[in-house]
Structures are given as C-alpha cells and as structure tokens.
Amino acid sequence: MINITFPDGTVKPFPSGSTAFEIASSISQGLARETVVARCNDELIDLSVPLTTDCRLEFLKFSDISGKKVFWHTTAHVCAQAVKRLFPQALPTIGPPIEEGGFYYDFADLNITQEDLKKIENEMKNIVQEGLTPQRIEYSTVQEAREANKDNPYKLAIIDDYQNETLSAYKQGEFIDICKGPHIPRLSMIKAIKLTKLAGAYWRGDAKNEQLTRIYGIGFPENKLLREYEELVAEAARRDHRKIAQEMELFTVDEDIGPGMVLWLPKGNIIKEELERWAKETEQQWGYQRVTTPLITKEGLFHTSEHLPHYTESMFPPMEFDNEKYYIKPMNCPFHHKIFSSRTRSYRELPLRIAEYGWCHRYEQSGALFGLMRVRGMQMNDAHIYCEKKDAVKEFVDVIRLHQYYYEMLGITEYSMELALRDPQSDKYHGDDSMWAEAEELMRKAMELSKVPYTIDVGGAAFYGPKIDFQIKSVIGRSFTASTNQIDLFMPEKFGLTYAGEDGSVQVPVCIHRAPLGTHERFIGFLIEHFAGRFPLWLAPEQIAVLPISKEQGNGANELVQRLKERGLRAVLETGDTLNKRVRDAQLRRIPLMVILGEKELSTGTVAVRTLDGKTTYGVSVDNFVQQVTLNRNKRKLTLPTFANIKTAQ
RNA sequence: GCCCUUUUAGCUCAGUCGGUAGAGCGCUACAUUGGUAAUGUAGAGGCCCCGCGUUCAAAUCGCGGAAAGGGCUCCA
C-alpha cells in the first residue's frame with residue numbers, strides 16, 4: 001500500500017500501482033471525468049501513470065492554469081495529427097501551449113492557406129470523436145528515438161538537445177509525436193476547437209533559420225468556454241485603439257506620407273497637447289528644465305555616442321550636404337549631453353535635469369509597425385538627469401516615483417518593471433564589464449527601494465547599458481512597454497562630460513535616461529484602449545455637448561457654450577437634428593458630458609446633465625455645473641463630477 | 001525583412017459565369033423644432049490601391065509593386 005496526501009491535508013492508503021485516474025475515480029466519478037492531469041509532489045504526470053511511492057497528489061482540471069496548458073498542448077498534438085492526415089508530407093516540429101491562451105504548432109514543408117485551416121479544424125473535430133487516448137512511449141536509447149524520427153530532421157535536432165534525458169513520445173491512433181508530456185487522458189475531453197491564425201515563424205525563433213508554417217489554435221472542454229473566449233476577443237477588437245481612433249477622428253496615416261508616420265487630427269492633437277502640458281507642469285515641479293534641440297545632426301555626434309554603428313539599422317539613412325553626412329535623430333540623448341557640456345558645470349548645480357518632448361525617427365521594420373504602438377516618427381517624453389554617482393540611486397527612485405504618480409493619476413493600476421540585461425554571449429554591446437556590473441547594481445538597488453515588482457530579461461539591454469522598462473497593462477489585458485529608463489555610466493564618459501566636485505577635482509557625472517510617458521504615439525494608443533475612448537474630462541477632445549431641445553433655447557444654449565469656452569472648456573453647441581439623434585451622436589463621439597437645455601431648465605437656471613453611461617441628473621444649477629466642471633478639469637480628475645439635483649437638495 | 005491575409009464612395013461593406021459599379025451611414029439642400037442612442041425627401045460623391053499582361057472586353061484572371069492587418073524569444 002502507498003499513502004496519498006490530498007490538497008485538503010487528508011491522507012488515504014491505496015494499493016501500490018494505482019493510477020491517478022483510479023484514485024480520482026474512487027473519490028468521485030465526476031472528479032475522474034473532469035481531471036486533465038495530476039500533480040504528484042511537484043511534478044505533472046499523466047493520469048495513467050502507476051504510483052508506487054507515497055506522494056502528495058493533486059487533480060488538476062481545465063480551470064487550473066497547469067491544467068489548461070496540458071489541455072492545449074494535447075490539442076496541439078491533435079492539430080499535428082490532423083495536418084499529417086491531410087498533408088502527409090508536412091513535418092511537425094514543436095507545438096507548445098502559449099501564455100495568452102491556446103497553442104501553436106510549427107510545421108516544415110507545409111504550404112497552406114486560410115481555407116485549409118478550416119479543413120484542418122474539421123479534421124481535428126473528427127479526431128477527437130474517435131475515442132483515442134494518448135499513450136506514453138519511452139525510448140530506452142537515443143538511437144531508438146532517432147530511428148523513430150529518422151525522416152524528420154527537426155525532431156532529430158530536438159532529440160539531440162535532450163539526449164541526456166529520458167526520451168518519450170505520445171501515441172494517439174496512428175499519430176506519434178516525440179514529447180515529454182504529460183497529456184490529457186482522453187481526446188474526447190476536447191469539446192470545442194478553433195484554429196485562429198496562420199503565420200510564419202522561424203525555426204528556433206532565429207530569423208537566420210528557415211521559416212516554418214505556424215498554426216495557432218485553442219480548445220476547450222465545453223462549448224460555452226469557447227463562446228466566452230470569442231466574446232473576449234471581440235471585446236478586445238472593439239477596444240482596439242485604431243478602431244476607436246478612427247471613430248473619434250484622433251489620427252490618421254497616409255500612404256503618400258509613409259508607413260508609421262502619424263498625422264494627428266485636431267481631436268487627437270488635443271489629447272497630445274493636454275498630456276504634454278501636464279508633463280511640463282509636473283516635471284517643472286519635480287525640478288526639470290526644458291530645452292529644445294534639432295531633428296538632425298552631423299554624423300560625428302552619433303559616432304561619439306556609438307549609435308553608429310550599434311544602432312545603424314534603426315536609423316534612417318543619412319543625407320549629405322556641405323561635405324557632411326547628417327542623420328535624423330533616433331534619440332535625444334547626445335543633444336542633451338551637448339547641453340550639459342555647453343559650459344563648465346559644478347557639483348552645486350547637480351542634479352541637472354534636462355527635459356524635452358523630443359521628436360525622434362526610427363527606421364522600424366515594416367512588418368513591426370502597429371497602429372500608434374509602433375511607429376517611425378515619435379515624440380518622446382524624454383529627459384536626462386545628470387547627477388553625482390552618490391545620488392544616482394536616489395534620483396532613480398524619484399524617477400520610479402514619478403512613473404507611479406503619472407500612473408495613479410491615469411488609473412493605471414497594473415504595471416511592473418523589467419530589468420533588461422545584456423546577453424553575455426552577444427557582441428552587440430559596448431564592452432566594459434565593470435561598467436555593466438556597476439550600472440546593474442545601482443539600478444537593482446533603486447528597484448528594491450521602490451518595491452515595484454520586476455522581472456528580468458536577459459538580452460534586452462541597450463548597447464550602452466542595462467535598462468529598466470515599465471510594462472503597463474490595459475483593461476483588456478494587452479501590455480506594452482511604456483517607458484525605458486537607465487542609469488548610464490557610459491555616455492558621460494564618451495562625451496567627456498565633467499563637473500567640478502566639492503574638492504575642486506574633475507568628476508564625471510552619471511546620466512539617468514527616463515521617459516515616464518514614453519512617446520505620445522504609444523502612450524495615447526494605450527490610453528485609448530485603457531479608457532475605451534472614454535477619456536477623463538481633462539483629456540477628452542470634446543468635453544461638453546450642449547443640446548438645446550428646440551430653437552427656443554438656442555440663445556440660452558449659446559450663452560452657456562460661450563461661458564464654458566471662456567473658462568477654457570471644450571464645449572460644442574449641437575443643433576439641427578432631433579434630440580435623439582444629437583444624443584446618439586455625442587455618445588458615439590464619446591463626449592463625457594451632455595447638457596440638455598429645455599424650457600424647464602431655461603426658466604429655472606438649471607441644466608440636465610447626461611453622462612456616457614446613459615444616466616441623467618436633472619435640475620443642476622448652471623453655476624454649480626460650470627464650477628464643478630472647471631474644478632474637475634483643473635484637478636485632472638479621473639472621474640466625472642457628480643452634481644447635486646436641485647429638487648432633492650431643497 | 002520573412003510567412004499568411006486584405007485593399008471597391010469619407011466610413012462599414014455587397015458586387016454571381018470576365019460585359020467598366022451598389023447599399024447603409026456620413027456629406028449637401030429643402031422640409032421638420034424634436035425631452036435623452038438614428039425625422040423625412042432629394043442630391044452630390046468612384047483612377048474599383050498602382051503598374052504590366054491575358055482577353056473583343058478586367059473591380060473580377062495572371063505577374064510585379066505599394067499600403068494595411070495577423071504572426072515571427074523559449075517551451076520535444
């Protein structure tokens with residue numbers, strides 16, 4: 001007998017050699033039916049594995065994250081099986097589950113179109129109805145595994161990677177795939193299947209390798225779950241910043257101007273300017289000084305910074321005149337360094353914080369461009385802080401605090417930091433080991449002090465030093481790198497930046513790069529999705545729509561609009577159509593406040609205020625309305641003012 | 001850049017077998033002054049993404065290009 005400990009702490013004896021499935025069945029038939037995989041101590045195992053020693057045993061359903069992954073991994077095997085049936089020449093490579101949900105499977109020698117995807121999906125549906133059960137096969141020697149996969153060079157490469165481990169495969173019907181498992185006990189558990197995308201992907205993720213055909217899909221144990229998933233996808237599409245921006249007329253791009261070049265329309269420009277004004281006011285209070293620098297520069301500057309050659313492929317090619325090459329700047333840093341070195345500096349004026357909403361242009365790969373999120377021309381909330389090394393950690397913590405202030409004001413609650421380090425194998429970095437180690441040490445210290453959770457990304461560093469990215473997550477779960485920050489020990493040295501220390505000695509400052517609001521383009525793209533286009537009052541391109549019910553209230557409405565405009569509020573008078581139509585129109589334009597003026601309101605000096613959620617407060621006094629709205633705008637509140645109803649107030 | 005997909009009116013999209021175009025919204029005009037998500041009637045609006053080819057004839061078929069969209073770390 002063996003003793004099995006269950007998650008609730010109970011311990012029960014079972015005959016040695018019992019499988020997890022038998023144990024689950026003995027507890028409850030329902031449990032056995034729903035369990036997709038078991039966890040024995042800390043290891044995931046197939047339900048069919050006989051247990052011969054005491055262990056902690058947990059039954060995982062699809063609702064568990066690990067359960068989902070196993071479920072989707074098995075669905076990937078079904079996908080490969082269907083592909084092999086329909087396209088026998090195709091070579092399966094790898095097919096893992098993915099974090100965002102579902103799985104992919106990469107195939108070599110498979111050229112298919114969107115229509116074939118439907119056929120494959122149908123074949124998968126046939127397969128799961130055949131009553132197949134994945135069976136584990138263990139190879140006793142590498143040779144045996146190689147022999148079984150002798151026609152598939154990709155599988156052979158995988159075997160070579162794992163030759164020191166036990167090699168196993170899973171067989172379901174005629175299909176065998178080398179795989180460490182585990183898998184779900186019965187394919188019939190997969191009740192709903194959807195193949196979602198067809199894409200290209202490089203073998204082993206390396207663009208130097210050949211391109212494989214990747215099929216993305218997802219599966220569920222219930223149809224209901226598939227419908228919920230589809231609804232989630234549809235909601236994300238409705239929130240897509242490109243769609244909302246189109247509806248709200250925020251920005252456009254024009255083929256004649258070029259890909260990745262944004263034309264900000266008047267309404268989008270309002271958001272841009274409001275953000276910029278806010279950043280200017282805030283950063284002025286936090287001790288920053290603003291500068292303006294040119295868009296182009298002689299190539300020598302970028303040789304000094306080593307952007308040439310390290311960053312060449314992200315830069316637009318140079319233009320030549322006066323026997324000089326000039327480049328469009330991809331970053332503002334070298335210009336700010338030149339401002340630092342424009343005269344001698346003393347420790348007394350440090351930290352020197354130089355800020356600019358700088359225009360940068362980067363030659364992003366055409367396939368990487370994505371709405372406002374990845375563009376070729378961008379305006380960056382940039383600044384460089386020059387300080388003494390002893391102050392670097394404190395200054396960097398302040399930069400993190402500034403991020404937190406911005407995020408809190410905008411209601412961004414889900415964010416984290418990612419420490420990007422260099423890949424020690426790669427030679428694309430500037431090479432001074434002690435500098436890298438010191439910069440990393442300083443940044444880690446600041447991160448620990450800030451207590452913001454962080455992850456580590458090896459290989460993500462800038463060529464001149466490690467960096468910290470802020471990842472922010474929108475309500476629909478899409479996350480983006482919003483800002484990049486660094487403690488830079490390299491550039492000040494390269495640019496010969498110095499200051500006179502307290503003892504009169506010549507010192508090299510530390511440079512902190514920071515951009516809490518990232519670029520206007522990406523940040524506003526994010527905000528559109530974050531707010532679903534329903535911006536807080538201060539950011540809304542149109543703030544108040546004034547809707548007189550009939551001509552009779554035309555003058556009164558116009559007076560109100562003028563009064564609001566005098567306070568710098570963006571009020572628009574809407575006349576002409578039926579009231580229903582104008583309400584609908586304002587709703588679609590996502591104007592946060594609608595003011596309805598009828599005979600009743602005019603005669604009592606009140607307005608009826610409708611918000612985008614469809615709620616109306618009647619009898620709000622005009623004075624109160626104007627005052628509340630102005631205050632809300634001035635304080636850049638996240639939520640709209642609430643108004644007292646005169647009738648209930650009296 | 002590479003793989004897959006798409007491109008028809010300002011927007012969303014029809015367009016069958018190859019016979020040079022349609023709808024709704026929007027826009028303009030007129031009528032309508034309406035109490036909280038679409039008033040009615042009429043009108044204007046097209047290099048069917050661009051180029052080359054096949055054909056008596058191309059939005060439609062073929063080739064090339066452009067732009068947009070979905071993908072492209074690891075995870076047998």
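Below, read A as the first sequence line, B as the second, and so on, with proteins coming before strands; counting in each chain starts at 1.
A/Thr213 comes within contact range of no nucleotide atom at all, as no heavy-atom separation falls under 4.0 Å. Looking at heavy-atom distances under 4.0 Å, A/Glu165 makes contact with a base. Heavy atoms of A/Glu601 sit under 4.0 angstrom from at least one base atom. At a threshold of 4.0 angstrom between heavy atoms, the contacts of A/Ala608 include nucleobase atoms, whether or not backbone atoms are also involved. At a threshold of 4.0 angstrom between heavy atoms, the contacts of A/Ser168 with the nucleic acid are absent. A/Leu198 comes within 4.0 angstrom of a base, heavy atoms only. Across all strands shown, A/Asp577 has heavy atoms under 4.0 Å from base atoms, whether or not it also approaches the sugar-phosphate. At the heavy-atom level, A/Arg214 lies under 4.0 Å from the strands shown only through sugar-phosphate atoms. In this structure, A/Leu167 reaches the bases: a heavy-atom distance under 4.0 Å links it to at least one base atom across the strands shown.
Side-chain N/O atoms of A/Arg242 include one lying less than 4.0 angstrom from OP1 or OP2 on B/G69. For B/U12, the OP1/OP2 oxygens have a side-chain nitrogen or oxygen of A/Gln246 closer than 4.0 Å. Contact annotation: A/Thr578 reaches the phosphate of B/U39 (side-chain N/O to OP1 or OP2, under 4.0 Å).
Using modelled atom types and a 3.5 Å distance limit, the side chains of A/Ser416 and A/Gln471 yield no donor-acceptor pair. Using a 3.5 Å distance cut-off with no hydrogens or angles, the side chains of A/Ser603 and A/Glu601 do not pair a donor with an acceptor. Of the N and O atoms on the side chains of A/Asp613 and A/Thr611, at least one donor lies less than 3.5 Å from an acceptor on the other residue. Remark: the A/Gln553 side chain and the A/Ser550 side chain contain an N/O donor-acceptor pair separated by less than 3.5 Å. If you check the side chains of A/Tyr216 and A/Arg214, you find a donor sitting under 3.5 Å from an acceptor. A/Asp106 and A/Tyr154 share no side-chain donor-acceptor pair at under 3.5 Å.
Remark: B/G62 base-pairs with B/C52; criterion is Watson-Crick or G-U wobble with both hydrogen-bond distances under 3.5 Å. The nucleotide B/G1 finds its pairing partner in B/C72, both defining distances of the Watson-Crick or G-U wobble pair being shorter than 3.5 Å. Base pairing of B/U6 is made with B/A67, judged by Watson-Crick or G-U wobble geometry with both donor-acceptor distances under 3.5 Å. Of all nucleotides present, only B/U39 satisfies the Watson-Crick or G-U wobble test against B/A31, with each distance under 3.5 Å. With a cut-off of 3.5 Å on both pairing distances, the Watson-Crick or G-U wobble partner of B/G24 is B/C11. Using the Watson-Crick or G-U wobble rule with both distances under 3.5 Å, B/G45 pairs with nothing in any strand shown.
Separating the P atom of B/C13 from that of B/G69 is a span of 14 Å, rounded to the nearest Å. Spacing between B/C17 and B/A57 at atom C1', rounded to whole Å, works out to 14 Å. Remark: the separation of the C1' atoms in B/G19 and B/C48 is 16 Å, to the nearest Å. Nucleotides B/A58 and B/U16 have their C1' atoms positioned 16 Å apart, rounded to a whole Å. Atom P of B/G26 sits at a distance of 32 Å from the matching atom of B/U60, rounded to the whole Å. On the C1' atoms, B/G40 is 28 Å away from B/A21, given to the nearest whole Å. Rounded to a whole angstrom, the distance from the P atom of B/A44 to that of B/A38 is 29 Å. A distance of about 10 Å separates the C1' atoms of B/U8 and B/G22, rounded to the whole Å.
When the P atom of B/A37 is taken as reference, atom CD of A/Glu574 falls 15 Å away, rounded to whole Å. A/Tyr363 places its OH atom 8 Å from the C1' atom of B/G1, with the value rounded to the nearest Å. When the P atom of B/A67 is taken as reference, atom CD1 of A/Ile257 falls 14 Å away, rounded to whole Å. Here the C1' atom of nucleotide B/C4 and the NZ atom of A/Lys118 are 17 Å apart, to the nearest Å. The distance between atom CG of A/Leu250 and atom P of B/C11, rounded to the nearest whole Å, is 16 Å. Atom P of nucleotide B/G35 and atom CG of A/Leu597 are separated by 15 Å, given to the nearest angstrom. As rounded to whole Å, 13 Å separates atom P of B/G10 from atom CG of A/Asp254. Counting to the nearest Å, the P atom of B/C27 and the CD atom of A/Glu249 are 10 Å from each other.
Residue A/Arg204 has its side chain nearest to B/C74 when only B/G70, B/G35, B/C74 are considered. Taking only side-chain atoms of A/Pro259, from C-beta outward, the nucleotide of B/A67, B/A37, B/C72 with the closest atom is B/A67. Here B/G1 is the nucleotide among B/G1, B/A38, B/G70 with the atom lying nearest to any side-chain atom of A/Ser366. You'll find that the side chain of A/Lys197 is closest to B/G71, out of B/U36, B/G71, B/C75. Listed nucleotides B/U33, B/C75, B/A37 differ in distance to A/Ser550; the shortest reach to its side chain belongs to B/U33. Each of B/G35, B/C75, B/A37 was ranked by its minimum atom distance to the side chain of A/Ile94; first place goes to B/C75.
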Would you list the protein and nucleotides 23-26 of chain B atom pairs, both N or O, that sit under 3.5 Å from each other?
unit_1	atom_1	unit_2	atom_2	d
B/G26	OP1	A/Lys581	NZ	2.6

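The base of B/C72 lies outside donor-acceptor range of the side chain of A/Tyr216, with no N or O pair under 3.5 Å. Remark: the A/Tyr202 side chain and the B/G1 base include a donor-acceptor N/O pair separated by less than 3.5 Å.
Comparing A/Leu612 and A/Gly576 by the nucleotide of RNA chain B whose heavy atom lies nearest to each, the residue mapping closer to the 5' end is A/Gly576. If you find the closest nucleotide of RNA chain B to A/Asn111 and to A/Gly258, the one lying nearer the 5' end belongs to A/Asn111.
Separation of the A/His307 and A/Tyr327 ring centroids does not fall under the 6.0 Å cut-off. The aromatic ring centres of A/Tyr105 and A/Phe107 sit less than 6.0 Å apart.
For the pair A/Arg582 and A/Asp577, the salt-bridge criterion is not met [side-chain N within less than 4.0 Å of a carboxylate O]. Between A/Arg146 and A/Asp160 there is a salt bridge, with a side-chain nitrogen of the basic residue lying less than 4.0 Å from a carboxylate oxygen of the acidic one. Of the charged side-chain nitrogens involved, at least one lies within less than 4.0 Å of a carboxylate oxygen, so that A/Arg374 and A/Glu364 count as a salt-bridged pair.
B/C11 shows a glycosidic angle more than 90° from 0 and is accordingly assigned anti.
The one candidate from A/Thr74, A/Asp177, A/Asp46 that meets the side chain to side chain donor-acceptor pair (under 3.5 Å) condition with A/Tyr170 is A/Asp46.
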